[in-house]
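Working notes for the structure below.
Since the model is a prediction, treat every value here as computed from it, not as a measurement.
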Amino acid sequence: DYAGKVKSPHYQFTSYRFEVLEDAFRNCSVNPINNCYCYGNYFWDSVWGQSTYLNCLVLDGGLLVDIGYYGIPLLLSSPHFLYGPSLLEIASGNFTPNFDDHGTYLEFEGISGVVLKAGKKAQQNVVAIQNNHYDILSNVDRINNTYIIPFLWLEESTEITKDFEFQIYLGFVIGSSFLYWIWPVL
C-alpha cells in the first residue's frame, strides 16, 4: 500500500514508498483475499480430541500453507512475527519485531520508475502439535498444544548505487525540470 513520499538515499529527491501492510497476514474473516489459504478440515484442527491454535479463520499474523508441502503445517509470516503478536505467545525464541528490520517495502523514482531501494522479507515456520502417539511430539506444552518453530528467514534487498542515482537525478529530476521550464519558450 502507498506509504508516502520519501527522499532518495543519496541525492534527496522525491521518491515514492509502498509497504506491505498488516492485512497481508490477517485471517480470512478480516481479509477475505486470504480465504484461498483456508481449506479447513486440517488434520490438526482436532488432533485426537485436543484443540489446537491453528484455526485459519482466527489465526492472525501468518498464513497456513500446507497444500504445497504434502499437508505439513507450515506457517508463512513476516520475520519475528511482525504482524502477529498473538503468534509470539506460542513461538519458540526471543523476538523483537520492528518494521525497519522485518518489513517489506519498495521505493522508486516517480518519472522513470527506477527502484531506488527495496526489501522483501519473509519467514517460514514449522508448526508442531502435541501428539502423545509420537514420542517426539508428546512434550509440546505450549498454548493450546501448539508450538511454532521458525526455520527459515528469507531476505532480499537492494539499494541504488550513488553513481546510478546521480544519473537518475540528472536525467529525470533535473532533465524533466529543465524541459518543464524551457518547453514554453520553444
Side-chain angles (χ1 to χ4, degrees), residues 1-38 56 59-69 72 74-88 91 93-126 148-186:
D1 199 22
Y2 180 66
K5 294 180 180 180
V6 294
K7 296 295 182 184
S8 67
H10 306 290
Y11 289 94
Q12 303 301 304
F13 56 84
T14 301
S15 59
Y16 301 92
R17 183 176 176 100
F18 285 78
E19 298 174 351
V20 172
L21 300 179
E22 182 177 357
D23 283 353
F25 293 107
R26 297 296 305 267
N27 66 59
C28 59
S29 60
V30 175
N31 185 1
I33 293 173
N34 290 339
N35 193 42
C36 64
Y37 300 106
C38 190
C56 63
L59 179 70
D60 257 342
L63 299 174
L64 293 166
V65 288
D66 72 321
I67 296 300
Y69 297 100
I72 297 171
L74 291 181
L75 182 73
L76 181 64
S77 68
S78 291
H80 284 239
F81 305 103
L82 176 63
Y83 297 124
S86 61
L87 294 176
L88 291 171
N94 296 321
F95 301 101
T96 53
N98 67 71
F99 188 86
D100 291 336
D101 293 334
H102 308 120
T104 296
Y105 62 91
L106 172 71
E107 295 176 9
F108 64 93
E109 193 278 322
I111 298 170
S112 66
V114 171
V115 173
L116 303 175
K117 192 174 178 183
K120 178 177 74 172
K121 300 159 189 166
Q123 179 174 299
Q124 284 189 343
N125 311 278
V126 173
I148 298 175
I149 306 160
F151 81 96
L152 180 64
W153 182 356
L154 305 169
E155 181 174 350
E156 293 179 293
S157 60
T158 187
E159 185 172 323
I160 193 169
T161 64
K162 189 173 183 178
D163 292 339
F164 189 50
E165 185 178 333
F166 182 69
Q167 292 175 14
I168 299 299
Y169 180 69
L170 284 180
F172 292 100
V173 178
I174 300 296
S176 64
S177 295
F178 177 74
L179 286 175
Y180 176 79
W181 291 106
I182 199 70
W183 189 257
V185 176
L186 298 176

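- Distance alone, capped at 3.5 Å, is enough to place a donor-acceptor pair between the Asn34 side chain and the Arg26 backbone.
- Partners of Asn98 by side-chain contact (heavy atoms from CB on, under 4.5 Å), not counting sequence neighbours, listed by chain and number: Asp100, Asp101, His102.
- Heavy-atom minimum distance, Leu75 versus Gly62: CD1-C, 3.7 Å.
- The main-chain N or O of Asp60 is never found under 3.5 Å from a side-chain atom of Asn27 such that the two would form a donor-acceptor pair.
- A 4.5 Å side-chain heavy-atom check between Phe151 and Leu74 finds at least one atom pair inside the cut-off.
- Within the structure, side-chain hydrogen bond (donor to acceptor under 3.5 Å, both in side chains) pairs that include any residue of residues 114-123 comprise Lys120-Glu156, Gln123-Asn125 (at least two apart or interchain).
- Scored by the ring pair (Phe, Tyr, Trp, His ring centres under 6.0 Å) test, Phe95 finds His80, Phe81 as partners (sequence neighbours excluded).
- Applying the ring pair (Phe, Tyr, Trp, His ring centres under 6.0 Å) test to Tyr2 and every residue at least two apart in sequence or in another chain returns Phe18.
- If you take CG on Leu116 and NE2 on His10, they are separated by 9.0 Å, rounding to the nearest 0.5 Å.
- Considering only heavy atoms from C-beta on, Ser78 stays 4.5 Å or farther from Thr104 through its side chain.
- Nearest heavy-atom pair across Ser77 and Gly61 is CB-O, 3.4 Å.
- Here CG of Asp23 is found 9.5 Å from OH of Tyr83. Values are rounded to the nearest 0.5 Å.
- Sorted by first and then second residue, the salt bridge (Lys or Arg N to Asp or Glu O under 4.0 Å) pairs involving residues 159-175 (not counting sequence neighbours) form an empty list.
- Proximity of Phe25 to Asn31: side-chain heavy atoms (C-beta onward) are nowhere separated by under 4.5 Å.
- Paired with Phe13 under the rule ring pair (Phe, Tyr, Trp, His ring centres under 6.0 Å), one option of Phe108, Phe166, Tyr169 passes, and it is Tyr169.
- The minimum heavy-atom distance linking Ser112 with Ile168 is given by the pair OG-CG2, 4.3 Å.
- Atom-to-atom distance recorded for Leu152:CG and Leu76:CG is 10.0 Å, nearest 0.5 angstrom.
- The two residues Val114 and Phe164 have their closest heavy-atom pair at CG1-CE2, 3.9 Å.
- The distance from the OH atom of Tyr16 to the OG atom of Ser8 is 12.0 Å, given to the nearest 0.5 Å.
- Every residue meeting the side-chain contact (heavy atoms from CB on, under 4.5 Å) condition with Ala3, not counting sequence neighbours, appears here in chain and number order: Arg17, Glu19.
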